[in-house]
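Along the sequence shown, the residues carry numbers beginning at 1. Counting convention: from 1, in listed order, for ligands and their atoms alike.
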Amino acid sequence: MKSLSLLGSTGSIGIQTLEVLRAEPESWDVVALGVGRSASKLLEQAREFQPQMVVVADPEMVSELQADLPGIQVASGSEALVEAAAMGEVVVNAVVGFAGLPVTLAALEAGRRLALANKESLIAAGPLVQRARQTFGAELLPVDSEHCAIHQCLRANSRADIDHFNTDVNTDTDVNTERVARIVLTASGGPFRGCTTEELATVTVQSALSHPTWEMGAKITVDSSTLMNKGLEVIEANELFGVDFERIEVVVHPQSVVHSMVEYTDGATVAQLSMPDMRLCIGYALAYPDRITTPFGQINWQTLGRLEFESPNTELFPCLELAYEAGRLGGTAPALLNAANEVAVQAFLDEQIRWMEIPHVLQDVLDSYDGTAADSLGAVMQVDRQARMQAERIVTTMSAS
Ligand code: MG
């Protein structure tokens, strides 16, 4: 049995992680839970899983929760978060947004297996995460469905048998990109696939929040309606697998059954298929190189029907190209884009700006990139703060007009 820290336990991925743990009760022991904003949900989870430690976002919640959870340490603040992240042999980072960065760094620097559902930390602070990833024992397993698929497809070209006697390498060598011609990321296209400019001009919060194939949190659902989610995933793929942007392609696949593909130099394409179910990806990241024994997302081939593929419309969905641009610029450009996007999405959810204005906020902030390197946490956090302030100013100007 392995100890496990789950941070972001009351969000969509957190809840599904607990479903996987319930299905495989012999494999993992929850030692830390937390950072949920929903105290009642967190209390319920802590009572069921009996962790050693619970971390809450709001310090005012500590004493109240502590009274309800005798024998469990209840804490708040960034130090508690870092402590909780280093506690488990396996750490699931399901925190939403840039706030997940300290968890990512703490888990890797403690030499843990990190199951990463927080793509923002990898995008905003790629070089820092890469450095932390070099820590002895540290492993980074993506929980995002596309990257989980790519990870599986890359194992089709595994050099594990060759490297078997080389004790210097960790299990990451199971994932070999040497003969990769390109990575093909699939995108569902979101709720507005095929819409006209006129239709996109009148998009409401409610319509942006109704995703056709995946049930996810609000931020990522809006990101997926603008294709920004796919853009962030392109940067994420570059960071995770070290494949350059010229060899990462996006194709729209409305059924979300093919979760991504890898084409090899001999022309062969390897794909991973399943019904959309994040529990499969979570279980994969936890159990790798083994697999869990509970099936999630099995396909019924008799009723599956048609699988379609088409090009993304980058004119109506410019966020995808903006992400490629930020990724190629490197340095803190992805951090700028990510911060601007978090502000723009929140402003859209608060009905301050229109859906079609989201990419304008991102473009304006990205245009101000001055070549700052992402070489320290301080530098990244400062860029993040400045980009948020700039994006907020742009939003205010937009909502006033
Ligand atoms: Mg995804």
request  = Taking all non-hydrogen atoms of both residues into account, name the closest pair between Tyr369 and Gly331 and its distance.
outcome  = OH-CA, 3.5 Å

remark   = Which atom of Glu233 is nearest the Mg ion (ligand 1), counting N, O or S only? It is OE2

message = Looking only at N, O or S atoms, which one in Asp144 sits nearest to the Mg ion (ligand 1)?
response = OD1

inquiry  = According to side chain to side chain donor-acceptor pair (under 3.5 Å), does anything in residues 75-87 pair up with another residue at least two apart or in another chain? List the pairs.
reply    = none

query = When you check the side-chain N and O atoms of Gln45 and Ser9, is any donor under 3.5 Å from an acceptor?
reply = yes

Under 3.5 Å side-chain donor-acceptor pair for Arg133 and Gln130 = yes

message = Nearest N/O/S atom of Glu146 with respect to the Mg ion (ligand 1), by atom name, please.
response = OE1

